[in-house]
Amino acid sequence: MCDFHKERVVRSAKKEHECYLCGQKIEKGEQYRILTGVFDGDFYNLKLHGQCHCMVEAYWAEQEFYDEG
């Protein structure tokens with residue numbers, strides 16, 4: 001169960017990061033997303049390329065339980 005979830009767009013990375021989904025580098029200066037929250041009592045803080053975030057959103061949109069949180 002998701003206790004809370006927050007998304008934020010970072011317009012320009014100040015340093016390199018690793019994309020949680022594809023494992024590739026998010027380069028300095030590149031735009032990316034940060035997903036933060038608590039799920040089943042566990043904290044998460046994920047960084048994703050914009051296109052990887054779109055793939056995740058498309059996947060969850062196809063799932064029946066997406067609208068239930």
Side-chain angles (χ1 to χ4, degrees):
M1 179 166 119
C2 187
D3 296 327
F4 85 90
H5 175 83
K6 178 181 174 185
E7 293 186 28
R8 183 168 63 107
V9 175
V10 176
R11 302 225 185 274
S12 181
K14 292 184 167 87
K15 63 179 187 174
E16 282 186 356
H17 299 283
E18 182 178 319
C19 179
Y20 177 78
L21 186 64
C22 72
Q24 299 296 312
K25 287 182 184 176
I26 297 171
E27 300 289 341
K28 185 176 177 181
E30 188 175 356
Q31 183 173 324
Y32 67 101
R33 297 248 183 171
I34 297 176
L35 310 178
T36 306
V38 175
F39 186 82
D40 283 342
D42 294 322
F43 178 78
Y44 62 88
N45 186 37
L46 313 175
K47 295 170 178 75
L48 299 165
H49 290 109
Q51 62 270 30
C52 292
H53 180 263
C54 288
M55 287 176 26
V56 170
E57 289 292 309
Y59 170 79
W60 285 112
E62 293 294 319
Q63 305 304 309
E64 290 180 36
F65 53 86
Y66 180 72
D67 291 331
E68 296 174 16

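In this text the structure is predicted, and so the values were computed from the model without any measurement.
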Q: Quick one: NZ on Lys47 to CG on Leu21, what's the gap to the nearest 0.5 Å?
A: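 Reported to 0.5 Å precision, the distance equals 15.0 Å.
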
Q: What pairs meet the salt bridge (charged side-chain N to carboxylate O under 4.0 Å, His left out) rule with one or both residues in residues 8-22, with sequence neighbours excluded?
A: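 Residue pairs with at least one partner in residues 8-22: Glu16-Lys25.
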
Q: Show which residues join Ile26 in its hydrophobic cluster (side-chain heavy-atom contacts under 4.5 Å, direct or indirect), or state none.
A: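 Noted: Ile26 shares its cluster with Val10, Tyr32, Ile34.
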
Q: By the definition side chain to side chain contact (heavy atoms under 4.5 Å, CB included), identify the one residue from Val56, Asn45, Leu48 that meets it with Tyr20.
A: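 Going through Val56, Asn45, Leu48 one by one, the side chain to side chain contact (heavy atoms under 4.5 Å, CB included) with Tyr20 is satisfied by Leu48 alone.
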
Q: Check each of Arg33, Gln31, Gln24 against His49 using the side chain to side chain contact (heavy atoms under 4.5 Å, CB included) test, and report the only one that passes.
A: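 Exactly one option meets the side chain to side chain contact (heavy atoms under 4.5 Å, CB included) with His49, and it is Gln24.
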
Q: Would you say Leu35 and Tyr59 are hydrophobically clustered, going by side-chain heavy atoms of ILVMFWY under 4.5 Å?
A: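 Both belong to a single hydrophobic cluster.
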
